[in-house]
Amino acid sequence: MKGVRTQARLALEYRGRTLAQGTGEVQFAEYGVTGPAVFDLSRTAAGLGDGGLLVLRLLPELTERDILRYMTEKRDSFSNYKAENLLTGALHNAIARTVLRRAEIPLDTRLWALSDRALEQIAAVICRFELPLLGTLSFDAAQVTAGGVETAGFDPNTMESRLVPGLYACGEVLDVDGDCGGYNLQWAWASGRMAGLAAGGMI
């Protein structure tokens with residue numbers, strides 16, 4: 001599925017608990033998954049290391065009942081088609097084939113041969129596409145850094161240290177990292193401007 005993009009609802013789970021969740025674009029890569037929705041969960045994922053579980057809900061706008069109804073109508077209307085065509089138009093072909101393999105449905109099975117139970121298995125995989133968390137990429141591949149100096153130690157109106165007068169901090173020097181969408185850049189520019197003006201005695 002390398003290079004394939006899709007919209008999904010994501011949940012990061014660890015030992016049966018959901019630690020973070022979101023919705024957005026996911027891109028499959030040779031090393032795992034990436035994309036804005038994945039970036040937004042990455043801080044939590046990085047803290048887990050190995051052992052977590054990333055669960056994708058493919059077709060997030062549809063309920064499991066909607067998906068079953070769609071597949072049942074497709075099976076009944078195009079009964080002589082192969083299973084690999086069942087999800088054509090709903091999911092990217094590469095994702096659809098992977099879903100069928102996970103549901104243990106041979107791709108060359110004729111649609112008329114798919115039982116209601118088989119369709120339920122497929123729907124279950126679509127609604128809960130599990131990827132084991134093996135870790136994150138190295139610092140060189142990071143988009144934003146987490147951690148830094150505690151924000152409580154700085155005046156939010158001037159960015160001056162409460163402990164060391166005359167010391168100013170801004171951007172990722174402070175422990176601030178936001179979601180994708182330009183928030184981190186905006187924080188860097190806004191806090192940098194404020195710190196500069198305050199250091200120059202202009203505010």
Side-chain angles (χ1 to χ4, degrees), residues 1-42 44-138 141 143 180:
M1 295 190 291
K2 177 182 176 182
V4 174
R5 300 171 186 264
T6 190
Q7 294 292 315
R9 189 176 304 148
L10 298 83
L12 185 60
E13 299 179 358
Y14 185 71
R15 295 180 179 175
R17 293 192 306 122
T18 298
L19 303 182
Q21 51 190 340
T23 302
E25 184 180 85
V26 176
Q27 180 178 351
F28 293 92
E30 59 188 6
Y31 53 80
V33 288
T34 184
V38 176
F39 290 155
D40 289 344
L41 303 186
S42 62
T44 304
L48 293 177
D50 190 356
L53 191 67
L54 181 64
V55 180
L56 307 183
R57 184 181 179 91
L58 306 170
L59 302 178
E61 70 283 1
L62 300 179
T63 66
E64 191 163 350
R65 180 177 294 181
D66 291 334
I67 295 169
L68 280 170
R69 185 184 303 116
Y70 168 82
M71 291 191 297
T72 300
E73 291 175 357
K74 193 83 170 280
R75 177 191 63 185
D76 296 344
S77 299
F78 304 97
S79 59
N80 206 39
Y81 279 30
K82 294 181 179 179
E84 64 181 347
N85 302 122
L86 177 64
L87 298 169
T88 299
L91 290 172
H92 187 284
N93 287 341
I95 297 176
R97 287 193 292 270
T98 303
V99 165
L100 290 168
R101 290 190 186 100
R102 286 200 172 189
E104 300 181 346
I105 306 296
L107 299 181
D108 59 354
T109 303
R110 298 293 175 178
L111 294 187
W112 59 262
L114 293 179
S115 65
D116 289 345
R117 175 60 183 152
L119 296 185
E120 290 172 1
Q121 290 174 216
I122 298 168
V125 174
I126 292 172
C127 293
R128 191 174 172 83
F129 190 87
E130 298 181 356
L131 298 170
L133 179 62
L134 304 178
T136 57
L137 293 180
S138 69
Q143 300 287 318
C180 288

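For residues 85-105, there are no salt bridge (charged side-chain N to carboxylate O under 4.0 Å, His left out) pairs, not counting sequence neighbours. Within the structure, salt bridge (charged side-chain N to carboxylate O under 4.0 Å, His left out) pairs that include any residue of residues 72-89 comprise R75-D116 (at least two apart or interchain). Residue pairs meeting the ring-ring contact (aromatic ring centres under 6.0 Å, His included) criterion with at least one partner in residues 56-81, sequence neighbours excluded, are F78-Y81.
Counting heavy atoms from C-beta on, the side chains of L87 and I122 come closer than 4.5 Å. Using a 4.5 Å cut-off on side-chain heavy atoms (C-beta onward), T6 and L59 make no contact. At least one side-chain heavy atom of T98 sits less than 4.5 Å from a side-chain heavy atom of M1. The closest side-chain heavy-atom distance from N80 to W112 is below 4.5 Å. Between L12 and T18, every side-chain heavy-atom pair lies at or beyond the 4.5 Å cut-off. Between V99 and V125, the closest side-chain pair of non-hydrogen atoms falls below 4.5 Å.
The side chain to side chain donor-acceptor pair (under 3.5 Å) check on E130 picks up R128, with sequence neighbours excluded. Evaluation of the side chain to side chain donor-acceptor pair (under 3.5 Å) rule for T63 yields D66 as partners, not counting sequence neighbours.
Taking CD1 of I67 as the reference point, atom CG of L58 lies at 8.5 Å (rounded to 0.5 Å). Rounding to the nearest 0.5 Å gives a distance of 10.0 Å between OG of S42 and CG of L137.
The minimum heavy-atom distance linking A45 with L133 is given by the pair O-CD2, 3.8 Å. Nearest heavy-atom pair, L114 versus A83, reported as atom, atom and distance to 0.1 Å: CD1-CB, 4.5 Å. Of all heavy-atom pairs spanning P60 and Q7, the tightest one is CD-O, 3.6 Å. The two residues G24 and L10 come nearest to each other via the heavy atoms N-CD1, 4.3 Å.
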Please tabulate, for side-chain N and O atoms in residues 27-41, each donor-acceptor pair with protein atoms closer than 3.5 Å (sequence neighbours left out).
from	atom 1	to	atom 2	distance (Å)
Q27	OE1	R5	NH1	3.3
Q27	OE1	R5	NH2	3.3
E30	OE1	K2	NZ	3.2
D40	OD1	C180	N	2.8

Practice task
Determine, step by step, whether L56 and R9 satisfy the side chain to side chain contact (heavy atoms under 4.5 Å, CB included) criterion, reporting the C-alpha distance in whole Å, the side-chain angles of both residues, the deciding distance to 0.1 Å, and the verdict.
Solution key: CA-CA 6 Å; L56 307 183; R9 189 176 304 148; over 6 Å; no
Exercise for the section: For side chain to side chain contact (heavy atoms under 4.5 Å, CB included), just list the numbers for L86 and L119, CA-CA rounded to whole Å, side-chain angles, deciding distance to a tenth of an Å, and then say yes or no. Expected result: CA-CA 10 Å; L86 177 64; L119 296 185; 4.1 Å; yes
